[in-house]
Amino acid sequence: MAGTVREVVDALPLVDHHCHGAVTADLGPARFEALLTEGAAWPGVSPFDSPVGVAVRRHCAPLLDLERHAPAAAYLARRAELGWQEVNRRFLRAAHVETFCVDTGYAPHPVTSPAGLAAAAGADAREVVRLESVAEAVARRGVDAAGYASAFRAAAEEAVRRPGVVAVKSVAAYRTGFGLDPARPTYAEVTRAAGLWFARGGRLTDPVLVRHLLWTAVALELPLQLHAGFGDSDLRLHQADPALLTDWLRLTAGTVPVLLLHCWPYQRQAAYLATVFEHVHLDVGLALHYVGPGRAGAVLAEAMEITPFRKLLYSSDAYGVAEFHHLGALSFRRGLAGVLQERVDADELSHTDAVRIAAWTGRDNARRLYGLPVSDPGHD
Amino acid sequence: MAGTVREVVDALPLVDHHCHGAVTADLGPARFEALLTEGAAWPGVSPFDSPVGVAVRRHCAPLLDLERHAPAAAYLARRAELGWQEVNRRFLRAAHVETFCVDTGYAPHPVTSPAGLAAAAGADAREVVRLESVAEAVARRGVDAAGYASAFRAAAEEAVRRPGVVAVKSVAAYRTGFGLDPARPTYAEVTRAAGLWFARGGRLTDPVLVRHLLWTAVALELPLQLHAGFGDSDLRLHQADPALLTDWLRLTAGTVPVLLLHCWPYQRQAAYLATVFEHVHLDVGLALHYVGPGRAGAVLAEAMEITPFRKLLYSSDAYGVAEFHHLGALSFRRGLAGVLQERVDADELSHTDAVRIAAWTGRDNARRLYGLPVSDPGHD
Amino acid sequence: MAGTVREVVDALPLVDHHCHGAVTADLGPARFEALLTEGAAWPGVSPFDSPVGVAVRRHCAPLLDLERHAPAAAYLARRAELGWQEVNRRFLRAAHVETFCVDTGYAPHPVTSPAGLAAAAGADAREVVRLESVAEAVARRGVDAAGYASAFRAAAEEAVRRPGVVAVKSVAAYRTGFGLDPARPTYAEVTRAAGLWFARGGRLTDPVLVRHLLWTAVALELPLQLHAGFGDSDLRLHQADPALLTDWLRLTAGTVPVLLLHCWPYQRQAAYLATVFEHVHLDVGLALHYVGPGRAGAVLAEAMEITPFRKLLYSSDAYGVAEFHHLGALSFRRGLAGVLQERVDADELSHTDAVRIAAWTGRDNARRLYGLPVSDPGHD
């Protein structure tokens, strides 16, 4: 508890409650640059010419033994020289995370398993089951429409019984957006929709089945992570405004914890929901490394305007390049410490409270929600 | 006019143009904590662990003779020891408000009347008539559907003739949201909707009747306060975006002043409306004490980006605990002074202009709109 | 490259990629004040009592040989005394713009032609063709419904062949909002809609014809400027949220550059689109002078949170009073330099990168997109 808020936050091991694996292969420049953006690599424009690219050159280069602000070409060359194992190891350890909760349902590249991530990081890892992947596997392996509801439920129950699973996740925001009928669909509705889906094929995008997935999630009695706000070009951003989910949140009050992920630019809307609904929590993951450490405090300050201190968590939402596991943590630490120190300096907050809030946000809220082991007693 | 902007703003008596009464009973810890949140008290999580809770411990504790940042338990004990009369008196006087405009239509607890609030504060008080309460009283006392429109109009006219009434208010944002048909409904539509409402019972939520209420409000020729944005869990936040009201505002141009209350997180949308429609005004009440004095400036700065200086007002929207009447005023003063002083320091604004803008925002705009008496000539 | 970021930015000639002409007549106080607002002049309230009014008194008064923060009356008197030619000349030169791209399709007042603006400014000017004006001219000159599609296409092609035309523009956001069917309408749909329009008369507001206009724009193979967000009272702000355009942007990927203009308060939504779609770019014009130099940095900082550095441009969107051509440039320079210098000071960004980003944003991105001549090699 001694030291500035920044020193305390820098020393705090985090729980990264939502991330993905790091690629387990050497990446040529084009593949690395594609992973650096939520868009894609565009001819003639370097993905390094962006806030996240600048942040990588500033904060990741030194971990590869380069100067701060090293040129992109030097960065890519040195990364290749070190090889993916060493690169992953350096960034994952630098993140200083005690537990990664890993969404294993999205992996277009070969990436580390939770165990592989844990080993490289010298940390613990748990698993988050992406329910759309479970549903799509059920559809792929063949089931008749009338059997879909129970087959999906059984598959989801089986998936969450795997050792280390601590939560489920849905990307309903991508598939239909949050402006859906909040009611639990009937068995007949689900069967009819499943029939149409199986005939059509492809991803689960039917609104009835997305609703059914969300209600099935509730029945699993694990924390439910929901993508909200910022993502890639597959999204309609305005339909991922979590305020659109209000009626469903009202119906599910008293059930499982709901974790709104990312949320940017709707962090204030998410904060409102976390303030009025007991089961709602939020983070501003993904946005943190995209805006970089220089701007993370501004985004966090909005997320923290009214949010009760037990409701905000840390995640990186890093995928693919281990730079992001590190940069997410760094942006979070700098941003959070900045916001809290400023309030301490203005005597709006006591130093003791600031330290408690930092530990809750960076670690203890996640420990409690996911039932993670407590080596250090924390502030609960 | 001498002194820093902060000194000037601290010395300025405010008009709190929208608030509620303070509870006239001693509050046990659970009831106090429930009043502290826009949500409800949640088991195992103290409402003090929130920005507003921290602000109460920082800024209200000293008024109860405690140390800054006093622990929650000590705060509750001292509050009980002093008793509600003394607590209300201290906070209401500390707010340094010359006139409270009190919404008397929402009072699930026993709270001060406008006169009681005025007496405790050593201030003046006026009344704001909540039209939904008037309409629901008309429905409760029994009227046939065909007589509803004229009975409601007559009851509203009678209500606003009471001494001290300066405005009417609607919570249409809660009942239907602002995305409603802007047109004035016909008599036949109102009668049909009233028949359905009387058969169904409960609160006024029918979209035709909500529209009718808004148009009846216009006919009363008093300023109309509209809840917008931030509120409790009964709201769908995105439907309370005041931009959704644009067509209705266009139709009512040239009629009564419209006061958009709260607005957060849509303060920029409200600012746009206040910039392009002569009759539209706004405040960021309620949000100010929820975010606390450390963040009020950031919210006000957004609200003030383009808003003409005669269009922004102060309200606390305090309900129940007199801490909020004080904390709203304090957050407003600190936030406003901070925004204005920063511009003066950057030579973007003259000190004379800053003082004038402060007086308009904190007092004179409300005096003019509500026809309040002017003891000090102000800057009009 | 030597000097502070601010010195570099102050010395940089800008490309103002979207503006209008300046009035070519002396303006009495009432007409000047009406041009100062996006609303209209309101009796009893001076348009100078607003952020933009304060900024004019602070930053434009000295260019008319007055003191900083000169009173409004003195400002108006001195402006009248100098006459419109001298006033335009002073402000347009002070803007230090190398090229103005002028929207010639909106001119309720007598305003400078692009050539006249260029001459007064000692700069270059290009033209932006407003497609709604082209379509409405086609309708006015008489064409049968079956011939509308080809007549509009031919007129648009002819318009963009005029010397100096570098882009087209649409105000679809005003006419229908962006929540329209993204699909290209069929010939039969267009013909039917044109028949209804010709029978009804008035402005082009039919959703089928607005869609047809946007798709015709794509076929012209020039950059397409789209009004988004902030404007006058003719707008429904929430329908001008550029995120609503996502499906159309997905369909038009790989075609013409799309430039989202203004965007406030949806600059983060626009930034998301520019981050995930290769052809999308943005600016925060119009908002910059309305918020003034003291707040422009805050708006730009949001616009720059995730936006790739090749995707942000400068425009003033000045119309009517040449104060805005100057104030837009000044607000942009101060805001941008502030954001970049802060990051350099925090060692989040190298000075070299900051200078490169400034030149891209203020000039080089526009040069490249519009094919403007390069006297100074810039940073491409």
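What you are looking at is a predicted structure, and each value in this text was computed from that prediction instead of being measured. Proteins get letters first, then strands, A, B, ... in listed order; numbering begins at 1 in each.
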Chemist: Suppose we screen for side-chain contact (heavy atoms from CB on, under 4.5 Å). Which residues come up paired with B/E278, at least two apart in sequence or across chains?
Modeler: C/W42, C/P43
Chemist: Please step through side-chain contact (heavy atoms from CB on, under 4.5 Å) for the pair B/L244 and C/R236, ending with a clear verdict.
Modeler: CA-CA 8 Å; B/L244 296 168; C/R236 292 180 187 94; over 6 Å; no
Chemist: If you look only at pairs with a residue in residues 250-274 of chain B, which of them pass as a salt bridge (Lys or Arg N to Asp or Glu O under 4.0 Å), with sequence neighbours excluded?
Modeler: B/D247-B/R250, B/R268-B/E305, B/R268-C/E302
Chemist: Could you state the interatomic distance from CG (C/D49) to OG1 (B/T307), rounded to the nearest 0.5 Å?
Modeler: 13.5 Å
Chemist: Could you state the interatomic distance from CD (B/E348) to OG (C/S331), rounded to the nearest 0.5 Å?
Modeler: 7.5 Å
Chemist: What distance do C/D234 atom CG and B/T246 atom OG1 have between them, rounded to the nearest 0.5 Å?
Modeler: 11.0 Å
Chemist: What residues of residues 53-68 of chain C sit under 4.5 Å from chain B when you count only heavy atoms?
Modeler: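 Contacts with chain B: C/V54, C/R57, C/R58, C/H59, C/R68.
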Chemist: Where on C/V52 is there a heavy atom nearer than 4.5 Å to chain B: the side chain, the backbone, both, or neither?
Modeler: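 Neither part.
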Chemist: Please round to the nearest 0.5 Å and tell me the distance separating atom CG of C/L235 and atom CG of B/L273.
Modeler: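 Between atom CG of C/L235 and atom CG of B/L273 there are 10.0 Å.
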Chemist: Could you tell me whether the side chain of B/Y272 and the main chain of C/W264 form a donor-acceptor pair under 3.5 Å?
Modeler: no
Chemist: What part of C/H238 is in contact with chain B, defined as an atom under 4.5 angstrom from a non-hydrogen atom: side chain, backbone, both or neither?
Modeler: both
Chemist: Got C/R295 and B/R343 here, is their nearest side-chain heavy-atom distance under 4.5 Å?
Modeler: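 They are in side-chain contact.
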Chemist: Looking at residues at least two apart in the chain, or sitting in another chain, which of them share a ring-ring contact (aromatic ring centres under 6.0 Å, His included) with B/H281?
Modeler: none
Chemist: Is B/A354 in contact with chain C via its backbone, its side chain, both, or neither, using a 4.5 Å heavy-atom distance?
Modeler: neither
Chemist: Which heavy atom of B/V276 sits nearest a heavy atom of C/G231, and at what distance?
Modeler: CG1-O, 3.9 Å
Chemist: Would you mind reporting whether C/V45 and B/K311 have side-chain heavy atoms less than 4.5 Å apart?
Modeler: no
Chemist: Just how far is it from atom CG of C/L237 to atom CG of B/D241, taken to the nearest 0.5 Å?
Modeler: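 Atom-to-atom, C/L237:CG and B/D241:CG are 8.0 Å apart.
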Chemist: Taking the side chain as C-beta and beyond, is there a heavy-atom pair between C/P265 and B/Q269 under 4.5 Å?
Modeler: yes
Chemist: Please look at B/A253 and chain C and tell me whether the side chain, the backbone, both or neither of the residue comes under 4.5 angstrom of a heavy atom of that chain.
Modeler: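 No part of B/A253 comes within 4.5 Å of chain C.
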